[in-house]
Amino acid sequence: MQRRLFLKGLGLVGVATSLTSPGIAMAGGMLDPMQSRFAGALFYTMDAPGRWAGKEAGHVPMIERSGNMIEVTTGHEMDGYTHYIVKHILLDENLDFVAETMFNPETDAPISTYDITGMANALYAVSLCNKHDAWLNRLSL
Ligand SMILES: [Fe+2]
């Protein structure tokens, strides 16, 4: 009861309820963001492009693994500062920050590489477009 009142005071009762509702996919004991209600709303995925439907191919970060390295690529144009991929972000299975790569749209392609030694179960890559927001993809390890 105390917890509920506390959450209500923060305006989080609806959020807490939705995060624990049956039928929402869990990964490693936590909510799988790819299957959450946030996909298609706060960020976008191949299966949940939300208001950016039709732009998936140019925004979803593609993740290729080779041993303990991954390469993240976004098939997006780099049209100077007009329209470009600002950065890639690598998150671990718990959505904790691991690394990021900033891009200069005048000289860089939206490709980054990371050493994933020590990471387990899954990782997430975020690609951030200056016009079309944040796109998430997941790789099982
Ligand atoms: Fe874009």
Side-chain angles (χ1 to χ4, degrees), residues 2-141:
Q2 289 287 26
R3 177 176 174 267
R4 189 163 186 84
L5 289 174
F6 175 73
L7 292 175
K8 186 176 181 181
L10 294 175
L12 295 175
V13 169
V15 172
T17 300
S18 67
L19 289 175
T20 58
S21 297
I24 297 207
M26 303 291 281
M30 65 169 275
L31 176 73
D32 179 358
M34 303 291 288
Q35 305 300 319
S36 75
R37 62 184 292 189
F38 304 120
L42 288 177
F43 58 84
Y44 305 95
T45 69
M46 188 65 81
D47 294 332
R51 69 187 181 118
W52 300 124
K55 298 194 176 297
E56 301 90 326
H59 290 84
V60 172
M62 304 312 293
I63 309 167
E64 286 192 35
R65 181 179 184 180
S66 178
N68 285 333
M69 299 296 294
I70 61 164
E71 181 175 271
V72 179
T73 302
T74 307
H76 193 282
E77 66 177 338
M78 295 294 262
D79 183 20
Y81 285 94
T82 302
H83 187 195
Y84 70 107
I85 297 301
V86 176
K87 67 165 77 175
H88 285 161
I89 305 167
L90 178 64
L91 306 172
D92 71 10
E93 64 177 322
N94 298 312
L95 301 178
D96 288 325
F97 175 84
V98 174
E100 68 181 352
T101 302
M102 301 288 296
F103 299 113
N104 178 337
E106 296 179 331
T107 59
D108 297 338
I111 301 171
S112 57
T113 58
Y114 306 93
D115 185 337
I116 60 168
T117 301
M119 297 183 76
N121 301 317
L123 60 80
Y124 295 89
V126 179
S127 182
L128 181 64
C129 173
N130 73 319
K131 287 188 174 179
H132 302 110
D133 310 318
W135 293 73
L136 186 70
N137 203 354
R138 178 182 193 275
L139 178 69
S140 295
L141 300 175

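Both backbone and side-chain heavy atoms feed into the values below; hydrogens, waters and symmetry mates do not. Remember, it's 1-based here, ligands and their atoms both numbered in the order they're listed.
- Looking at L123 and I116, their side chains come closer than 4.5 Å, going by heavy atoms from C-beta outward.
- The CD1 atom of I111 sits 9.0 Å away from the OG1 atom of T74 when rounded to the nearest 0.5 Å.
- Distance check: E77 CD to Y84 OH gives 13.0 Å after rounding to the nearest 0.5 Å.
- For a distance threshold of 2.8 Å, the protein N, O or S atoms nearer than that to the Fe ion (ligand 1), listed by chain and number, are H59 NE2, H76 NE2, H83 NE2, C129 SG, H132 ND1.
- Evaluation of the ring pair (Phe, Tyr, Trp, His ring centres under 6.0 Å) rule for H59 yields H76, H132, W135 as partners, not counting sequence neighbours.
- Counting only N and O atoms by type, the side chains of T117 and D115 include a donor and acceptor under 3.5 Å apart.
- Taking a 6.0 Å sphere around CD of E64, one finds it holds 12 or fewer heavy atoms contributed by other residues, nucleotides or ligands.
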